[in-house]
Every structure is written in C-alpha cells, then in structure tokens.
Participant: 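Got a structure for you, questions after.
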2 protein chains.
Amino acid sequence: MPTLEDVARVAGVSRATVSRVVNGKRKVAPAVQVTVLEAVAATGYVPNRAARSLVTRRTGTVAVIVSGAEPEPEDDLYLPGILADPFFGRVVGSFVRSLRPHDVHPVLMVADNDETRRQVESYLRFGNADGALLVTTDADDPLIEQLMATGRPTVLFARPAHPIPVSYVDVANADGGRLAAERLLERGCRHPGVVSGPLGVPAARSRLDGYCDALARRGHAYVPQVEGNFTFESGEAAMARLLDLAPDVDGVFVGNDVMAQGAIQTLRARGRAVPDDVAVIGFDDSSVGTLSRPTLTTVRQPVEEMAAEMARMLLEQVDAGEPAVTSAIFEPRLVVRESA
Amino acid sequence: MPTLEDVARVAGVSRATVSRVVNGKRKVAPAVQVTVLEAVAATGYVPNRAARSLVTRRTGTVAVIVSGAEPEPEDDLYLPGILADPFFGRVVGSFVRSLRPHDVHPVLMVADNDETRRQVESYLRFGNADGALLVTTDADDPLIEQLMATGRPTVLFARPAHPIPVSYVDVANADGGRLAAERLLERGCRHPGVVSGPLGVPAARSRLDGYCDALARRGHAYVPQVEGNFTFESGEAAMARLLDLAPDVDGVFVGNDVMAQGAIQTLRARGRAVPDDVAVIGFDDSSVGTLSRPTLTTVRQPVEEMAAEMARMLLEQVDAGEPAVTSAIFEPRLVVRESA
DNA sequence: GTCAAGTGGGAGAGCGCTCTTACCCAAGCC
DNA sequence: GGCTTGGGTAAGAGCGCTCTCCCACTTGAC
C-alpha cells in the first residue's frame, strides 16, 4: 500500500508538498503539482483514512441513526417498525447518494432503548463520526437531547415535538391536508370525513388541521373525524367507526397510506365502491399504494429530496466545524391515482 | 478527551500496561489490572478508533453493500428497487444487531453502476472496511468478482449464479416450493398451477422446481406454468395467462408476494373468490401480504436469521485474518393466512 | 542596490495507539 | 549462593498523515 512518503520519493519532493497537492490546501507551483499528480497516479496512492483522521479529528463518516420505541418481540422480528418500512430505504439511499460525492460514508446505527441510545451518544461524543442524521418515529425521542449534548452537528427528519435548537427538515403537513381537501371537493364530494393519525403526533395533527381548515374555508364547518394509530387494522376499525358516525360520507382523507388500505378494505366489505361511492386519499405515497386496486391517490412527501437536504445541511455544519440550527420545509404533492 | 497516556498517569503505570488491560492481550497482575480499570473509569477513557486502526490495520467497520442493476430514472426516485423493499431494512437491521456486540459498525454503500462498483472495490481494497456483506439483486453481479479480488472477507446473501469461491447464506428455495405444493394439496386442490419468477434467476427456478417435483411425486405430471418478473403488474398479467391456459386451476403458487398480490387482483377481477375458488400462496412474507384482504399465505425466508449468520461468518473470517469459503442454507417456513 | 514583503517548499513534531524489545525481580534449581 | 527461568512492566519505535514553523528565493519599491 503506497504512502505519502512513497509518492514524495517518486515525485522528488517532500511529504508536505504531496499532502498539499492532494488536499489542495495551499498554493503549489503548477509544475510541481503536475509532477506530484503523476507520481500519485504512478504509485496508485490513496490517502489512509485512519492516519488522516488521527490528525484532523475528522472521520469522513456520519452516523445515520434509526431510532424509535423499542420493538415488540412479535414473531421473530425484533426490529423497530421503521426499518421494515420502504420509507427507510428511500431515505437511506438518498443519504448515500448525497454523501458520496464528498467522500463521506454513512454508518448505520439503531437506537431503540436506553442502552443503545447511550452507545450511539458515546460513539458520537468520542468523535467516531463527524455528525448525525437522525430518523426517528418518536417526535420527542430522548436521543435528540443526547445528540445535542455531544456537540456534534445533527439534523433530524421531522420537527421535534418540543422546541429544541436543532436542525431539521420536514414536509408541510398542513398543506398536505389542504391538497387532500381540495381534491375531494374538486371531485364533487359533499360529505368529506377524515381518519387521522394519533393526535399526539404533531405531523398527524397538522395534516388534520390543514384538511379541516381548507374545508372550513369552503363552508364545511363540521367534518366527521375519527382517530387511528397508523396501522392497517386501525384503518379498518376507524373507517368502520366513521361510517357509523356519518353514513353519508363520500370522501375520506386518511392520515397515512397503510391506514388508507385498511379503510378501503372496510369500505369494500360494507359494499361501498371506491372511488365512486367514497373517494379515499392517503398520505406518504408508500409503495403499498400501487400494490392494490384501486391504486391509491395520496399526498407525497418528497422523501428523497428531504433526505438529500439533510445531508447537505449536515455537511455544511461539519465543514463549518460547529452545529448550526436551520430548517427546510418541503411542499408535498398530490399524486392522483384511482381512489380519488 | 482522555488518552492512554492520561490513564497511565492516573494509574501510575505505563501506556503499554494500560493497553494490555484494555485489550486483554497479555497477562497483567490482578492488582495492577484493578488499578488500571479504576483509572479508566475515573478518566472516562475510550480508545481512539483512528489511532488503533492506524496500527492494527483493522477498522472495526464492515461494508454493507447494496448492489443491483442501475435503476430506471422513473419519477423522481433514483434508487435500486431493493432499497425501497422492506426486505432491505430487515436485513440491515439484523446486521446492525449482530455486529454491535462486537463493536463493529456497518458502513452502507450502494453500487449500481460501474463507477460506484469501482469505488466500493477501492474502499475495501484500501482497508477502509474489514470485510463486506453483499446484498445483490443480480445473481451474477460483477461486483462479486471485484470484491473477491480485494482479498477482503466477503459474504453474500443468496448463492451466486456461477460457481465462485465465496461465502454465502441462502434459503432452501426448492423446499419452499415443496411447502407450497403440499399446502395446496392438503387443502384439496385438484388443479394446481404456478406463476414463477424470471427463470434466469436461480432462486426463482429452484422455487418452481421444488414445487413441480413435489406435485409430480403426488401424481401431477403436468403443472400449467407461466412466468412473471416479480412485479405487481407482471403478476396480474401472468395470472390472466394462467387462467386462459388452465381455466380450471384451483390453486396457485406465485414466485413472490408482490406478484401474488397482482394475481389475486386478477382473480378478483375475473370473479374467482380467493381462497374458495382459487387458493394463492406467495413467497417472501413481505409486509404487503398483511396489508390486504385476504391476507396472504406465503413461504417465509428467515431473513433476520440469515443476515445474522452472514454477520457471524464475516466476523469469523475477519478474526481469522483471511477470507474463507463457507455457506449456510436456511429452511423456509409456511406462514398460513387466509389466501390458502 | 538594498530591504521589506510575499511566495513556495522542507523539516519535524506530533495525533493516540500497539507491539516488540529489553529489563527487572522473584522463584526455582543445582 | 550463583545461576537460570519466566512472568510482568517500561521504554520507545513506529503506523501515515497534517500542519506549523522556518528557510530560501523572488519580487517590487525606494
């Protein structure tokens, strides 16, 4: 494995000069630069990350932390639900793509209990990664505070539940609700209803509020509303309750796609055609929406763009050498398919 | 940040002794050991990975490589399909869990074209990771050979298409086909058919063969058979062809769950009740199977266990200091739900 | 022509760790 | 009693890199 020393010898200059050329730090005479570059090519030199990291205090890696409540020991699957969600892969894939051009690599960590949270914190505190990208299912995850305490740059996916000086990206959830409302009205729905996510989750609340606001502006003072918990089964059950509450409902906005599938199932079971009798709009544009019929009209978060922005923010902070507090909010988009 | 030096000073011994205690390499007098351990606790010392890695030539990280054909620039999603598959998260989550107790961390890399494959190879070749865990959708991925060439330990998920001296884990695909056949016969199916995956894919072929073999043993000399390509749409289309080919079919084994969803959709559209008129069995136990009605009976790969075994194999090879060639085959399990 | 300022390159000191070598000292042996 | 033996510790040499001096040289102004 060739070292700086080897390159220096071949190029007939000192180690320091080679280092300067490789890192482009200080001015080097063009002629020397060419010689060095040739020597690098000739020897096949690649900098040793460990050695560089030892002196620069930079690792060239960032931690991608997947966090959330401890999983239930259901079946033989012992992982936080988010890992089994296609959303996870989309986010992570986008991270990889965004970091690669900067020669930064993501180290994956899972934090699902106090012990693992502590490990993650210590990993960062001791400089094993230059920063953290946190994807958590829990808007007031204790890990957020712990990461702040390490002093490393950190960027979250989704706004934290409580005000904390930390960077994040998020989608304009309320606007998503508004898009759904407008679409339903446009289709001619006269009796819109809603199946919201758990109202303790800020995102779920915003989607609901945006939806109801938009409807109120068009004269719908009262919107029958039931609450689910983002699972298929809760979607089935919530839809059943909604039908009991408002039998004449002809359009439903559902807090996420998985629940929307459940809702459609209930509608089918009760003999209501989708979208002709009842139109359904989901949220997320997860792949389940295209793997069933009717295909699901949904509100899409630009997940890949959001993840790319997280990476960009983080690298900026890492370069600056200290955490900053910024945010970016992305506009959701209505993806019209068959269900509404 | 405390260093070995600091600990040594507090404990009143030399750096070397502290190092010995921390790494448990050579015998140290019990009394001294206690003193050192106390000093470690008092200072909050944690070894610096970069410094250690510089001298040991070990990084304490392994590359988790997701590979496959270059994705189509469809919509604004530019990622290999596998990343958006829940399967990916299950595998990766299991890696993290298995590596963590050994203080090894996974670095995620995506290789989807020649350029990125080259980068991954170079990353490993230059010792930035101690080994590689490869999850590829392409059984004769060129990356396999490239990884072998780096001389780093490598373990694959799924047997490579061509004989190559490399370690892998796999599921007994043929046994999965057999399980499906037995289940259908047990239900009383008289006219079993099959929608296979692409026959160029070894796993798809084995599933088909296992299924047909088991049926042949029970007198079903001829099994109507059509081919799909693992997508929902191809499942819909293949099922339609199968119905045309064999209108009396009353049980179908489908090469994966996503196609099975498509098949069920076609059956429903043609007025065949599932499972009463036609029973359907999928393969994978992906989450889509529980997000629709009827829920899908399927053949489950023990993905988490398989991934854990990959990690175990890799660590063993890393410890041994050189690649080895071993394999482990896991038995699939039938998960009986509503569709068969 | 002289001197100050500016520019490019070299020397060398570490970064924090491991590991080999050498040393010390107590116990065992003839 | 002097010697070996061997466990246990200290000393110090790097691992490959960056970065801060510092020196040599060029340039421009007076």
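Reminder, nothing fancy here: chain letters follow the sequence lines and each chain counts from 1.
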Participant: Once you round it to whole Å, what is the distance between C1' of C:dC15 and CZ of B:Arg49?
Facilitator: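 Nearest whole value for this atom pair: 17 Å.
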Participant: Rounded to whole angstrom units, what separation is found between the CG atom of A:Leu4 and the P atom of D:dC19?
Facilitator: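 In whole Å, D:dC19 P and A:Leu4 CG are 12 Å from each other.
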Participant: With a non-hydrogen cut-off below 4.0 angstrom, is A:Phe126 in contact with a base, only sugar-phosphate, or nothing?
Facilitator: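 Nothing, no heavy atom under 4.0 Å.
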Participant: What is the distance from CE of B:Met1 to P of C:dC17, rounded to the nearest Å?
Facilitator: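 Taking CE of B:Met1 and P of C:dC17, I get 11 Å after rounding.
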Participant: Between B:Val13 and A:Ala50, which is nearer to the 5' end of DNA chain D once each is assigned its nearest nucleotide?
Facilitator: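 The residue mapped nearer the 5' terminus is B:Val13.
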Participant: Look at B:Asp130 together with B:Arg57 and state whether they make a salt bridge at an N to O cut-off of under 4.0 Å.
Facilitator: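 No salt bridge links B:Asp130 with B:Arg57.
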Participant: Rounding to a whole Å, what distance do you find between A:Arg52:CZ and D:dT18:C1'?
Facilitator: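 For the pair A:Arg52 CZ and D:dT18 C1', the rounded distance is 9 Å.
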Participant: Are A:Arg49 and A:Asp103 within salt-bridge range, i.e. N to O under 4.0 Å?
Facilitator: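 Between A:Asp103 and A:Arg49 there is a salt bridge, with a charged N closer than 4.0 Å to a carboxylate O.
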Participant: Here's a test for you: under side-chain contact (heavy atoms from CB on, under 4.5 Å), which of B:Val66, B:Ile144, B:Val64 qualifies with B:Leu134?
Facilitator: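 One option only clears the test, and that one is B:Ile144.
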Participant: Is A:Thr17 close enough to C:dG10 that one of its side-chain N or O atoms is under 4.0 Å from OP1 or OP2 there?
Facilitator: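 Yes, because at least one side-chain N or O of A:Thr17 sits under 4.0 Å from OP1 or OP2 of C:dG10.
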Participant: Is the CZ atom of B:Arg159 crowded by more than 12 outside heavy atoms at less than 6.0 Å?
Facilitator: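 Check fails, neighbour count at 12 or below.
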Participant: At under 4.0 Å, does any side-chain N or O of A:Arg57 touch on OP1 or OP2 of C:dG16?
Facilitator: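 Indeed, a polar side-chain atom of A:Arg57 lies that close.
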Participant: For D:dT18 and A:Thr56 - does any side-chain N or O of the residue sit under 4.0 Å from the phosphate oxygens OP1/OP2?
Facilitator: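 No, no such contact exists.
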Participant: Run the salt-bridge test on A:Arg9 and A:Glu5 with the 4.0 Å N-O cut-off and return the result as yes or no.
Facilitator: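 Judged by the 4.0 Å cut-off on N to carboxylate O distance, A:Arg9 and A:Glu5 do not form a salt bridge.
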Participant: Does a side-chain N or O of B:Arg15 approach OP1 or OP2 of C:dC19 to a distance below 4.0 Å, or not?
Facilitator: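 Checking B:Arg15 against C:dC19: no side-chain N or O falls below 4.0 Å of OP1 or OP2.
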Participant: Could you tell me how far apart B:Leu54 (CG) and D:dG14 (C1') are, to the nearest whole angstrom?
Facilitator: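 To the nearest whole Å, that distance equals 9 Å.
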Participant: Under 4.0 Å from OP1 or OP2 of D:dC17: is there any side-chain N or O of A:Ser53 that close?
Facilitator: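 No, A:Ser53 has no side-chain N/O under 4.0 Å of OP1/OP2 on D:dC17.
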Participant: Check whether any side-chain N or O of B:Asn48 sits under 4.0 Å from OP1 or OP2 of C:dC15, and answer yes or no.
Facilitator: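 So the side chain of B:Asn48 is outside the cut-off, no N or O lying under 4.0 Å from OP1 or OP2 of C:dC15.
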Participant: It should be established whether A:Ser14 places a side-chain nitrogen or oxygen under 4.0 Å from OP1 or OP2 of nucleotide C:dG10.
Facilitator: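 True: A:Ser14 side-chain N/O within range (under 4.0 Å) of C:dG10 OP1/OP2.
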Participant: Rounded off to whole Å, could you give me the CG-to-P distance for the A:Asn128 and C:dC17 pair?
Facilitator: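 After rounding, the gap between these two atoms is 11 Å.
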Participant: In whole Å, what is the span from the CZ atom of A:Arg58 to the P atom of C:dC15?
Facilitator: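 Distance check: A:Arg58 CZ to C:dC15 P gives 19 Å.
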Participant: Could you check B:Ala16 against A:Pro47 and say which one's nearest nucleotide on DNA chain D is further toward the 5' end?
Facilitator: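 The 5'-side residue here is B:Ala16.
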Participant: In whole angstroms, how far is the C1' atom of D:dC17 from the CD atom of A:Glu5?
Facilitator: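 Roughly 11 Å, once rounded to whole Å.
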Participant: Which nucleotide, D:dT9, D:dC17, C:dA11, lies nearest any side-chain atom of B:Arg20?
Facilitator: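 Comparing D:dT9, D:dC17, C:dA11 against the side chain of B:Arg20, the answer is D:dT9.
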